[in-house]
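What follows is a short report on a single structure.
Note that this is a predicted model, so its numbers are computed, not measured. Note that the numbering runs from 1 along the sequence shown for the chain.
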Amino acid sequence: MAFLLGLVLGIIAGFALVVAFLRFESSRSECRRELADIVAAFPRMTLEDLRKILPREFFPSWVVFSRRQKLKWLNQELIKIWPYVNEATSELIRISVEPILEQYRPAILNSLKFSKLTLGTVAPQLTGVSMIEDDESAITMELELQWDGNPNIVLDIQTKLGVALPIQVKDISFTGVLHLILKPLVEVFPCFGAISYSLREKKKLDFTLKVIGGELPSVPGISGAIKETIQNAIEDSITWPARKVVPVLPGDYSDLELKPVGKLEVKLVQARNLTNKDIIGKTDAFAVLYTRPVRERMKTSKTISNNLNPIWNEHFEFVVEDAATQHLVVKIYDDDGFQVSEFIGCAQVMLKDLQPGKVKDVWLKLVKDLEIQKDKKDRGQVHLELLYFAFGMENELSNPFSSQFQMTSLERTSLKSGISGREVTDFDGTSMHQRREVIMRGVLSVTVISAVDLPAMDIMGKSDTFVVLKMMKTGTKKKTRVMNQSLNPIWNQTFDFVVEDALHDMLIVEVWDHDIFKKDFIGSCIMTLTRVIVEGEYADIFHLEGSEAGQLNLKFKWTPHPIYRNS
């Protein structure tokens with residue numbers, strides 16, 4: 001982390017300044033514009049052409065080099081300035097990093113501070129440089145970095161047990177992509193007002209911890225707690241879309257800071273065919289969900305004991321800072337009681353794939369690693385329901401999870417009145433002290449239209465099929481008539497359910513084969529009511545779990561009668 005701050009300042013002194021100066025000055029005169037046109041034609045020119053057209057004082061020598069030569073030149077310049085970067089930024093890094101470490105300090109520690117901090121003598125190596133032309137008011141670049149550094153970093157640790165430990169951070173190895181934004185462009189040298197930087201992609205970050213004069217493993221839990229603190233601080237403070245803003249010229253750059261842009265509603269519905277991690281019994285499954293992997297942004301589900309097909313039906317809410325690049329991660333674990341929970345598998349959803357205001361229902365295959373897709377083991381699947389709302393959409397689309405959903409003008413006025421004339425609001429403008437939970441009460445109408453490709457359950461090669469519909473919370477059941485001797489039955493029957501809490505209820509639909517002495521199970525599907533609440537009415541085809549090819553054609557309609565209660 002210290003390296004990243006130092007690197008940014010070093011880049012300011014070198015490569016970034018040259019690019020920014022040439023780009024901005026080119027717009028100030030006709031001569032400069034002609035120069036820019038010539039520079040744009042560089043790829044079509046030979047080295048001799050360029051030397052004839054442009055005197056050397058107009059551009060650095062590396063402009064006419066190959067990509068490999070340019071990187072070599074940049075790395076040579078970075079090595080030259082690295083001692084000055086190290087000396088000039090060590091104290092700055094200490095001041096800025098210590099508060100971040102304190103923010104993520106685990107409960108086992110009383111304090112976590114630097115007693116020594118220098119970046120060492122080994123400069124990072126640039127393995128790739130790319131310019132991103134997506135904003136005319138800024139210069140954006142991405143630097144591929146590799147650093148096997150020898151910094152001198154010593155942490156002064158105070159534990160809850162009163163033990164003081166000087167811990168050295170050694171053998172740092174890092175590869176990743178640093179995202180730089182020079183913005184705003186101005187007419188005063190160095191031609192930009194501030195630098196925003198973040199880790200766009202972190203491929204590897206390894207380091208070791210050593211107690212000066214002792215062994216770290218002799219203190220239980222300390223090593224893991226410190227490593228987790230450092231990882232969390234890096235992940236949440238400078239991993240995209242989080243960013244740091246370094247002012248270069250005096251001014252207000254608050255518009256460059258990270259800001260929420262929307263809200264993600266997630267329903268963790270269920271999982272199926274989970275790997276059994278227990279020798280006796282079955283997996284006790286729970287899930288961890290996050291959009292940014294630190295404690296306050298993680299959401300944990302309840303544990304479903306002794307079940308490889310758990311049903312959670314739990315709702316989670318996340319603030320989104322950059323819908324174009326962020327993703328939701330879900331990880332499934334087996335709860336082993338007092339021991340460390342055993343990992344089963346994980347999956348992710350890119351938020352850019354979500355249509356704002358539309359419910360997306362997905363089944364995701366669980367894998368061992370999200371980055372290395374070489375896992376062939378069947379770990380099971382997880383069922384999610386996702387609903388994204390960008391801030392400002394509330395007047396156009398209805399969010400059933402919002403406390404303001406379908407409120408009257410009188411109710412909205414009462415919520416804004418605050419307490420004792422003082423209003424306290426959270427990020428979406430709703431009073432935190434008077435925020436109320438919406439209870440979606442109404443009538444659910446379900447039309448069982450037809451089924452196709454049902455399996456034959458009888459000796460004669462047919463099935464006598466009927467459908468059972470059941471609300472999970474109330475247990476209310478409805479049943480269709482029996483369609484004899486048909487693998488593609490048509491019912492066209494409608495059933496009404498009075499639902500008291502639709503956001504937390506589920507509908508279970510089962511298809512059975514009717515016989516005189518018994519009934520045979522064909523397949524089922526489980527669905528939440530979020531989509532019908534949002535859309536009001538829709539029809540869809542659902543695959544029957546337990547049936548290889550069977551599908552069920554259903555239509556839903558929702559007539560709301562919402563009520564509210566204080567929460």
Side-chain angles (χ1 to χ4, degrees), residues 264-272 309 311-313 315 328 347 349 353-365 381-389 397-401 440 442-455 463 465-473 476-481 483 486-497 499 502-512 521-560:
L264 176 67
E265 311 283 356
V266 180
K267 185 73 72 70
L268 174 64
V269 184
Q270 60 182 318
R272 66 187 177 199
N309 299 282
I311 298 175
W312 289 284
N313 192 32
H315 170 252
L328 173 77
V349 177
D353 296 333
L354 304 181
Q355 183 180 353
K358 294 291 185 180
V359 177
K360 183 166 185 175
D361 190 283
V362 293
W363 278 96
L364 302 174
K365 181 182 178 181
Q381 294 176 297
V382 62
H383 184 190
L384 298 177
E385 194 178 71
L386 305 148
L387 179 61
Y388 173 68
F389 278 88
L397 301 169
S398 297
N399 181 357
F401 297 100
M440 294 306 302
V443 176
L444 174 68
S445 300
V446 183
T447 301
V448 182
I449 300 174
S450 62
V452 294
D453 296 330
L454 297 180
S463 295
T465 53
F466 66 97
V467 178
V468 176
L469 303 97
K470 180 175 68 175
M471 299 306 301
M472 179 172 286
K473 293 190 72 172
T476 305
K477 288 186 179 181
K478 308 283 185 179
K479 186 172 70 171
T480 69
R481 61 181 175 268
M483 300 300 294
S486 177
L487 301 182
N488 298 281
I490 299 175
W491 291 281
N492 276 326
Q493 286 185 260
T494 300
F495 304 92
D496 292 333
F497 296 88
V499 183
L503 292 178
H504 302 95
D505 211 342
M506 302 178 75
L507 176 67
I508 301 174
V509 184
E510 298 175 339
V511 181
W512 294 84
F521 177 74
I522 295 177
S524 66
C525 53
I526 300 176
M527 59 204 71
T528 70
L529 308 187
T530 310
R531 182 178 172 186
V532 70
I533 293 173
V534 172
E535 299 184 15
E537 185 175 355
Y538 78 95
D540 209 340
I541 297 175
F542 299 88
H543 174 72
L544 291 174
E545 297 300 320
S547 173
E548 185 173 341
Q551 293 181 322
L552 196 59
N553 188 4
L554 302 174
K555 182 179 179 180
F556 299 90
K557 183 178 180 181
W558 176 251
T559 305

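Looking only at distances, no side-chain donor or acceptor of Asp505 sits under 3.5 Å from a matching main-chain atom of Thr528. Not a single donor-acceptor pair under 3.5 Å links the side chain of Glu510 to the backbone N or O of Phe521. In terms of modelled atom types and a separation under 3.5 Å, the side chain of Asn313 and the main chain of His504 share a donor-acceptor contact. Panel note: side chain Lys267, backbone Leu503; a donor-acceptor pair is recorded below 3.5 Å. Side chain of Thr476 to backbone of Met471: no donor-acceptor contact under 3.5 angstrom is found.
Note that CG of Leu268 and CD of Glu385 are 11.0 Å apart. Values are rounded to the nearest 0.5 Å. Separating the CG atom in Asp361 from the CG atom in Asp540 is a distance of 8.5 Å, to the nearest 0.5 Å. Separation of atoms CZ (Phe556) and CG (Leu507) is listed at 5.5 Å; rounding is to 0.5 Å. The structure places CD of Glu537 at 4.5 Å from NZ of Lys555, a figure rounded to the nearest 0.5 Å. Note: Ser450 OG to Ile541 CD1 = 7.5 Å, rounded to the nearest 0.5 Å. Summarising the geometry, atom CD belonging to Gln493 is positioned 12.0 Å from atom CD1 belonging to Ile449; distances are rounded to the nearest 0.5 Å.
Residue Asn488 comes nearest to Asp453 through the heavy atom pair OD1-N, 3.0 Å, listed as atom of the first residue, atom of the second, then distance. Between Ala347 and Val382 the shortest heavy-atom distance is CB-CG1, 4.5 Å. Residue Ser547 comes nearest to His543 through the heavy atom pair O-CE1, 3.1 Å, listed as atom of the first residue, atom of the second, then distance. Of all heavy-atom pairs spanning Ala502 and Leu529, the tightest one is O-CB, 3.7 Å. Between Ser445 and Thr494, the shortest heavy-atom contact is CB-CG2, 4.4 Å. Contact record, Val448 with Trp491: O-CB, 3.5 Å, taken as the closest heavy-atom pair.
Using a 4.5 Å heavy-atom cutoff, the side chains of Tyr388 and Leu386 are not in contact. Two residues are said to be in side-chain contact when any heavy atoms from C-beta on lie closer than 4.5 Å; Val452 and Asn553 fail this criterion. Residues Thr480 and Phe495 have side chains in contact (heavy-atom distance under 4.5 Å, counting atoms from C-beta outward). At least one side-chain heavy atom of Leu554 sits less than 4.5 Å from a side-chain heavy atom of Phe542. Between Pro455 and Ile522 the shortest side-chain heavy-atom distance falls below 4.5 Å. Side-chain contact between Ile533 and Val359: absent, with no pair of heavy atoms (C-beta onward) separated by less than 4.5 Å. Between Lys360 and Gln355, every side-chain heavy-atom pair lies at or beyond the 4.5 Å cut-off. A heavy-atom distance below 4.5 Å is not found between the side chains of Glu545 and Ile526.
Both tests pass for Arg531 against the ring of Tyr538: distance under 6.0 Å to the centre and angle within 45° of the axis.
Of the candidates Arg272, His383, Gln270, Gln270 is the only one forming a side chain to side chain contact (heavy atoms under 4.5 Å, CB included) with Ile311.
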(message) Under the criterion side-chain contact (heavy atoms from CB on, under 4.5 Å), I'd like the reasoning laid out for Leu454 against Leu544: C-alpha separation, chi angles, the key distance, then a yes or no.
(response) CA-CA 9 Å; Leu454 297 180; Leu544 291 174; 3.6 Å; yes

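For Lys473, the NZ atom is densely surrounded, since the number of other residues' heavy atoms within 6.0 Å is greater than 12.
Classification of the Trp512-Phe466 ring pair by plane angle, with boundaries at 30° and 60°, yields parallel.
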